[in-house]
Amino acid sequence: MIDRENEQLPLAGRKTEDVPGHWLLARLGKRVLRPGGLDLTRELLLHARLKGQDVVELAPGLGRTAAMIIAARPSSYVGVDEDKDAAAIVDKVVSGHGYCRTANASETGLPEACADVVIGEAMLTMQGTKTKQAIIAEVVRLLRPGGRYAIHELGLQPDDLDEQIDTEIRQALARTIKVNARPLTAASWCELLETHGLVVEWTGTADMALLKPRRNIADEGLLGTARIVRNLLRDAQARKRVLAMRKVFTTHRKSLTGIALVAYKPAARH
Ligand SMILES: C[S@@+](CC[C@H](N)C(=O)[O-])C[C@H]1O[C@@H](n2cnc3c(N)ncnc32)[C@H](O)[C@@H]1O
């Protein structure tokens with residue numbers, strides 16, 4: 001299907017009907033796969049303070065943020081993605097500055113206290129409650145005291161969102177994205193980090209505009225957006241799925257948001 005370069009993409013052999021939404025969008029040419037777009041990522045990276053730091057990125061996907069991290073001149077970069085094809089793509093992106101290993105974010109195999117900053121985008125949302133807990137526990141293990149955990153995820157709003165709407169959104173996301181995505185309210189994201197002893201120091205939000213034309217032009221450029229549209233026009237199955245995803249995002253636009261947080265690991269008390 002579609003462009004030749006997509007032969008290298010993760011799950012290249014999986015049918016359009018079943019492939020997780022992020023890899024479907026990647027096949028169509030999309031490279032920025034997080035809810036708040038590149039602008040929220042830029043803000044997140046500024047607040048994470050990367051220069052001269054040892055940085056671990058969880059779930060770098062196609063390496064779009066990895067390239068921005070390298071441009072911020074960290075002391076070192078290690079990516080960890082569970083998909084071996086994604087890890088190979090990121091390895092090339094960061095070549096000469098770091099590497100990407102194939103591992104689960106909850107068990108990275110990296111040594112304790114090896115990182116000043118851990119970054120993860122559009123990954124925790126995709127995990128159930130237990131796995132979210134396991135990944136954050138691993139992040140706390142990796143961070144040195146004073147180190148920062150920076151995330152960019154799908155948020156729900158307001159903090160007291162009706163439970164029934166929350167359930168409807170989860171079901172609609174599972175049906176259309178084919179991933180059991182579990183977005184949280186800002187209060188719940190903070191609570192989740194805080195139960196692991198992290199202290200939230202910054203929160204930012206941006207519209208959840210992953211499939212809106214203006215966001216795509218900002219994130220993918222005019223040519224990139226034209227390529228995505230051309231690919232959509234050529235592929236009826238992919239178009240059907242993307243329209244179904246867009247319908248969920250539009251129906252629930254008031255309740256969905258892109259959210260980013262930076263939390264630090266306090267120094268141990270003696
Ligand atoms: C939605 S993409 C996000 C990619 C990138 N961070 C971005 O925002 O554009 C999700 C990525 O998370 C990776 N991933 C999902 N669960 C993971 C886990 N438990 N451990 C490591 N990687 C994971 C997938 O392989 C994929 O590369």
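Every number for a ligand or one of its atoms is a count from 1 in the order of the listing.
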Give the residue and atom name of whichever protein heavy atom lies nearest to [atom], and the separation in Å to one decimal.
atom	value
atom 7 (C) of ligand 1	Arg34 NH2, 3.5 Å
atom 15 (C) of ligand 1	Glu82 OE2, 3.6 Å
atom 3 (C) of ligand 1	Glu121 O, 3.7 Å
atom 26 (C) of ligand 1	Trp23 CZ2, 3.4 Å
atom 16 (N) of ligand 1	Gln127 NE2, 3.1 Å
atom 10 (C) of ligand 1	Ala122 O, 3.7 Å

query: So, Arg144 and Asp54, do they make that salt bridge, N to O below 4.0 Å?
result: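 Result for this pair is yes, salt bridge flagged.
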- prompt: Less than 4.0 Å between a side-chain N and a carboxylate O, is that true for Glu220 and Arg31?
  reply: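 Here Arg31 does not pair with Glu220 in a salt bridge, since their nearest N and O are not under 4.0 Å apart.
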message: With clusters defined by side-chain heavy atoms of hydrophobic residues (ILVMFWY) lying less than 4.5 Å apart, directly or transitively, does Leu62 cluster with Leu44?
response: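 Result: no, two separate clusters.
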Answer yes or no for [X]: is there a heavy-atom contact with ligand 1 below 4.0 Å?
X	result
Pro20	no
Asp81	yes
His152	no
Asn104	yes

If we only count N/O pairs under 3.5 Å, is [X] in contact with ligand 1?
X	value
Leu33	yes
Ala105	yes
His22	no
Glu57	no
Ala59	yes

- prompt: Residues two or more places apart in sequence or in another chain: which of them pass side-chain hydrogen bond (donor to acceptor under 3.5 Å, both in side chains) with Asp219?
  reply: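 Partners of Asp219 under the side-chain hydrogen bond (donor to acceptor under 3.5 Å, both in side chains) test: none.
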- request: With sequence neighbours excluded, tell me which residues meet side-chain hydrogen bond (donor to acceptor under 3.5 Å, both in side chains) with Arg101.
  value: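 Scan of Arg101 (side-chain hydrogen bond (donor to acceptor under 3.5 Å, both in side chains), adjacent residues dropped) gives none.
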message: Could you walk me through whether Asp235 and Arg27 satisfy the side chain to side chain contact (heavy atoms under 4.5 Å, CB included) test, starting with their C-alpha distance in whole Å, then the side-chain angles of each, then the deciding distance to 0.1 Å, before giving a yes or no?
response: CA-CA 11 Å; Asp235 188 323; Arg27 282 183 192 181; over 6 Å; no
- request: Please lay out, stage by stage, how Leu173 and Phe249 fare under the test side chain to side chain contact (heavy atoms under 4.5 Å, CB included).
  value: CA-CA 9 Å; Leu173 290 173; Phe249 299 157; 3.8 Å; yes
query: Considering only heavy atoms of Ala103, which atoms of ligand 1 have at least one such atom less than 4.0 Å away?
result: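 Heavy-atom distances to Ala103 below 4.0 Å select 21 (C).
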query: Passes side chain to side chain contact (heavy atoms under 4.5 Å, CB included), Thr41 versus Arg64? Steps please.
result: CA-CA 10 Å; Thr41 297; Arg64 190 67 181 76; over 6 Å; no
Check: Thr108 and Val56 side chains under 4.5 Å, non-hydrogen atoms: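 No, too far: nothing below the 4.5 Å cut-off.
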query: Do the side chain of Trp189 and the main chain of Leu154 share a donor and acceptor less than 3.5 angstrom apart?
result: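 Answer holds: yes.
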